Amino acid sequence: MLQHTMTKRKTLIIACFGIALGLCIGTVLKNYRALEIVKRCSLRPTNLKSPAEIIGLREEDSIQNSQRNLVFVGVMTAKSFLEGRARAVYDTWGKEVPGRMAFFSSEGSYSEDLPVVGLKNVDDRYPPQKKSFMMLYYMYEHYIDRFEWFIRADDDVYMEPAKLERFLRSIDSSRPQFIGQAGKGNSEEFGLLSLEFDENFCMGGPGVILSSETLRRVAPHIPTCLKNLYSTHEDVEVGRCVQKFAGIPCTWNYEMQYILRHNSSGRNAYTGKLKRKEIHNAITLHPIKQAPLMYRLHSYVQGLKAEEMRQESLLLHRDIKRMAKYLEVPDESTYMLPSVSPESDSGKRHFQDHNILGISPELNKFVPGSTDDLLDWSFIARSLYSASSANPKQKIDSAMREGLEDVITEVMENINNYSRQRGRVIEFRELLYGYHRLDALHGQDLILDLLLIYKKYRGKKMTVPVRRHLYVQRSFTGIFVKEFDEDFYNVTLQQSLLGSLFQNGMARLSSHFTMPSGLLSPTQDKIVFVLPIAGRLGTFERFLRTYERVCVRGEQHCDLLVVIFGPPEELGDHLQLLHDLHGRHVYQQVNWIQRSSAFSRGVALDVAARSSYIRQEDIILFIDVDMVFEVATLQRVRMHTQRGKQVYLPIVFSQYDPQRRSGGSGEDEAPRIDDESGYFRQFGFGICAIYKSDILDEDINGFDKDITGWGLEDVKFLEKIVRVGTRQRGFLANTAEVAMDYNEAAEQWRRLSVFRAPDPTLVHIYHEISCDVQLDAPQYNMCLGTKANSLGSTRLMEQLFLSSPENVQFAADFNRQKQQQQQQQQAR
């Protein structure tokens, strides 16, 4: 019995010893495996660089001897945002900070080219209370004597460093300062943040600024603040800690909500129009949730800075001009006028004339030599009235409207610069009317009649409407010309010609033989002409001659697809012309589709676009039989048509009736491009270049086939394209809502924009227009408008009207009757 008991004890002891030994061996193996994994993955610890090396701070840099030691910006981020938001911050405003910056993330965070600090024993959980406090402590521990100011920021905030520097240099950093947008919580959190009635906190989103003295007082007590948290909001707890140990609250200042700007739109903030007062005036903007939005905003801000620099350059030119006058330097002197910038690397010099750019703003800069040189003023009201246009009354286009808004906004900001000191503010209400003209040498002149509201809030309060005339000149800046040597031009021209010849030659050989892929250079995208036709044999023959001369013999890599309407027995001559063209050029694609139904341009274009004659990667050029064109036309088509991005709708030159103009037919004459020969048809959209892959987009889906006869199908088609173009704004909004990988998929969307420009080589030859009374009212009215516009120029119509005594007498009687009616009304 005793022996059995001893055996059990011995077994138990051996088992316990074995368990202990196994635990020890397991622990060693586990640690060894972890070390092997670290070694295998080549994980780099964050302490390889010193705190100064992380931010690029030299040992000798200090507040006293360096302009870049003004502020240290600590940006809180997370591992998952280092290559997205953090990189966008560093690439945009981060490099322009008047000091240094670093990104604070969880332990183990690292980046090769970003200044990242991985905080020990800190993770990326939200809310980031520990991360925020430990970031402040890190600043205190390593940089407290190296910077005047410290900023706690998020990775979704945008800062304007130049404005930030001006703001901080105007404040005493030796005193305790706690600057930000003050808050007490929203209505739902009222009473739950443990704040006294006189306590507040600085909202963390738009950024929090601390002076070095404030951080010096607070940082030693951060462990105490971390042990006594009363809410889940890290900015509230930081504010509570500063209030308790530095003895100062967040700045109670109404202007802070505009200087450090928080947009309450959330993830949709700053996805729309950027030309807004809040963006122009703010130092920080929050929130910007995705990297594309950060780059977009930075690009806009850089554009504003470029405008300011151009304005400063004009002021300098005016100072030089004024000083030259006081010093009695002649205008033709080569010492000061015109000025010469320092020589560039190429040895060329750029000239700018102070005699032009240095003239002070006035409406009499331009001195006409004769009455023919006088500049016409255009009248601005609900519409734009211009004597120089074929259509005197026009809609104010978006560019003009935006320019007027910019002028008025800037003027009102200047007027209200000192509104606080003067106790009044002036508000803009309405533009009643105005005049504008464009001087190609000096700039744009504006005379505007404004309705303003004058509000006086100091002393005797009043609010009264006032009208004021505004005289503005938007001066042009200098023209910078970079000159190339003649050898460079000749070499470039020869290379382009040889490359074009080689490319065309290889393309022709590859159409007959199988060529090695290494010999073939990338060819231009093919242009497929789509021509709807019904009757009009003579005009059709002229078009084919133009096509053969420009496209076939010019080797422009084009195909022709004709959609012919009419009974088969009436199409023999048309088909014979096509057969003859194909017979002369057997390797050229000349195709046609016959339709026996009534003519419909929409049906013709839709059928052609869906046909197998056109590939997905081809450019479709919808054209009319009355058009003539040149090689330059095709170059513009290829240049301005971009697959998945842009549709090209050229503004064609439409001829007037040549018999009314010169008395001859004008068919054999080369088209003249001037005001008396024709006009650029601004409101015609029938000539269009688009890729087949774009026209078959589900939101475009070809042309409207329900329209018969003449016109309107191009307007409906344009509306579809514009609708697809609105995806761009939706893309920006969605970018703020979803993960980063969404951007890659969204880039595949078609967001088509419309590009329009006058093309003087694309000419619509005049022909008699007959409007069918059976057309729908919109189509009939459009036809009549086109017919009226094609009769002749405004000057010719005026001459024809005044050449008839009956017309002159009728106008005189009409004006006399109108004047009598006005006098009678006044007498009543």
Side-chain angles (χ1 to χ4, degrees), residues 71 73 75-76 93 132 149-171 176-190 193 195-211 214 231 233-240 242-243 248-289 293-294 297 300-301 304 409 412-413 416-421 423-428 455 457 736:
V71 60
V73 181
V75 180
M76 288 198 304
W93 60 269
S132 179
W149 297 93
F150 296 86
I151 296 180
R152 168 243 173 267
D154 290 339
D155 58 7
D156 60 350
V157 68
Y158 181 86
M159 292 188 184
E160 292 199 41
K163 292 182 180 179
L164 176 66
E165 182 175 7
R166 289 195 297 269
F167 176 70
L168 294 181
R169 293 196 185 280
S170 65
I171 306 174
Q177 306 281 0
F178 187 40
I179 302 172
Q181 187 179 148
K184 294 179 68 69
N186 55 38
S187 58
E188 297 177 356
E189 297 171 335
F190 187 76
L193 302 179
L195 294 174
E196 299 296 334
F197 72 94
D198 59 342
E199 291 181 339
N200 66 358
F201 63 92
C202 287
M203 295 172 58
V208 179
I209 306 174
L210 300 88
S211 64
T214 301
S231 71
H233 300 284
E234 57 89 14
D235 49 2
V236 175
E237 298 306 320
V238 170
R240 194 190 320 276
V242 172
Q243 175 81 41
I248 54 173
C250 184
T251 48
W252 286 108
N253 193 311
Y254 181 77
E255 292 180 349
M256 281 300 159
Q257 63 180 316
Y258 302 108
I259 296 176
L260 307 178
R261 181 70 178 178
H262 171 73
N263 191 310
S264 58
S265 301
R267 290 185 174 271
N268 290 327
Y270 308 111
T271 59
K273 183 180 179 181
L274 295 180
K275 188 175 288 186
R276 302 204 306 270
K277 185 177 180 180
E278 63 173 288
I279 294 177
H280 292 188
N281 296 338
I283 295 177
T284 68
L285 298 166
H286 175 267
I288 300 157
K289 291 299 184 181
L293 302 179
M294 185 74 72
L297 179 58
Y300 176 75
V301 173
L304 295 179
T409 299
M412 296 310 300
E413 288 179 357
N416 290 315
N417 268 341
Y418 303 100
S419 59
R420 176 180 294 181
Q421 293 87 332
R424 59 100 177 114
V425 64
I426 299 176
E427 297 179 356
F428 168 75
K455 293 183 178 180
Y457 54 84

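Everything numeric in this text was worked out from a predicted model, so none of it was measured. Residues take their numbers from the sequence shown, with the count starting at 1.
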For Tyr254, side chain to side chain donor-acceptor pair (under 3.5 Å) partners two or more places apart: Tyr258
Minimum-distance pair of heavy atoms, taken over all atoms of Val208 and Phe178: CG1-CE1, 3.3 Å
Spacing of Leu274 atom CG and Leu285 atom CG [to the nearest 0.5 Å]: 9.5 Å
Atom pair NZ (Lys455) and OG (Ser419), whose distance is rounded to the nearest 0.5 Å: 12.0 Å
Pairwise distance CE(Met159) to CG(Leu260) - rounded to 0.5 angstrom: 8.0 Å
Non-hydrogen atoms of Leu297 and Ile279 that approach each other most closely: CD1-CG2, 4.1 Å
Spatial distance of atom OG1 (Thr271) from atom NZ (Lys289) [nearest 0.5 Å]: 13.5 Å
Which atom of Trp93 lies closest to which atom of Val157, heavy atoms considered: NE1-O, 3.2 Å
Main-chain N/O of His286 paired to Asp156 side chain as donor or acceptor, under 3.5 Å: no
Aromatic ring pairing Tyr300/His280, orientation class (parallel under 30°, perpendicular over 60°, tilted between): parallel
Residues which pass side-chain contact (heavy atoms from CB on, under 4.5 Å) with Gln177, listed by chain and number, not counting sequence neighbours: Trp149, Ile171, Arg175, Ile179, Ser211
Least distance between heavy atoms, Met412 atom then Ile426 atom: CE-O, 3.3 Å
Considering all heavy atoms, the nearest Arg152-Ser132 contact: NE-OG, 4.1 Å
Interatomic distance, Phe167 atom CZ to Ile283 atom CD1 [nearest 0.5 angstrom]: 5.5 Å
Test side-chain contact (heavy atoms from CB on, under 4.5 Å) applied to Pro176 - qualifying residues, sequence neighbours left out: Glu213, Thr214, Arg217, Ile248
Polar side-chain atom of Thr251 near backbone of Gly180 as donor-acceptor pair, under 3.5 Å: yes
Validation row: Thr284, Tyr158 side chains within 4.5 angstrom (heavy atoms): no
Residue list, salt bridge (Lys or Arg N to Asp or Glu O under 4.0 Å) with Arg166, at least two apart or on another chain: none
Taking every non-hydrogen atom, the tightest pair across Leu293 and Ala269: CD1-O, 4.4 Å
Any Thr409 side-chain heavy atom under 4.5 Å of Glu413 side chain: yes
Stepwise side-chain contact (heavy atoms from CB on, under 4.5 Å) check, Ser231 with Arg240: CA-CA 10 Å; Ser231 71; Arg240 194 190 320 276; 4.3 Å; yes
With sequence neighbours excluded, residues passing salt bridge (Lys or Arg N to Asp or Glu O under 4.0 Å) with Asp235: none
Nearest-0.5 Å distance, CD of residue Glu160 to CG of residue Leu304: 7.5 Å
Heavy-atom donor-acceptor pair, Gln181 side chain to Met203 backbone, under 3.5 Å: no
All salt bridge (Lys or Arg N to Asp or Glu O under 4.0 Å) counterparts of Arg261, not counting sequence neighbours: Glu278
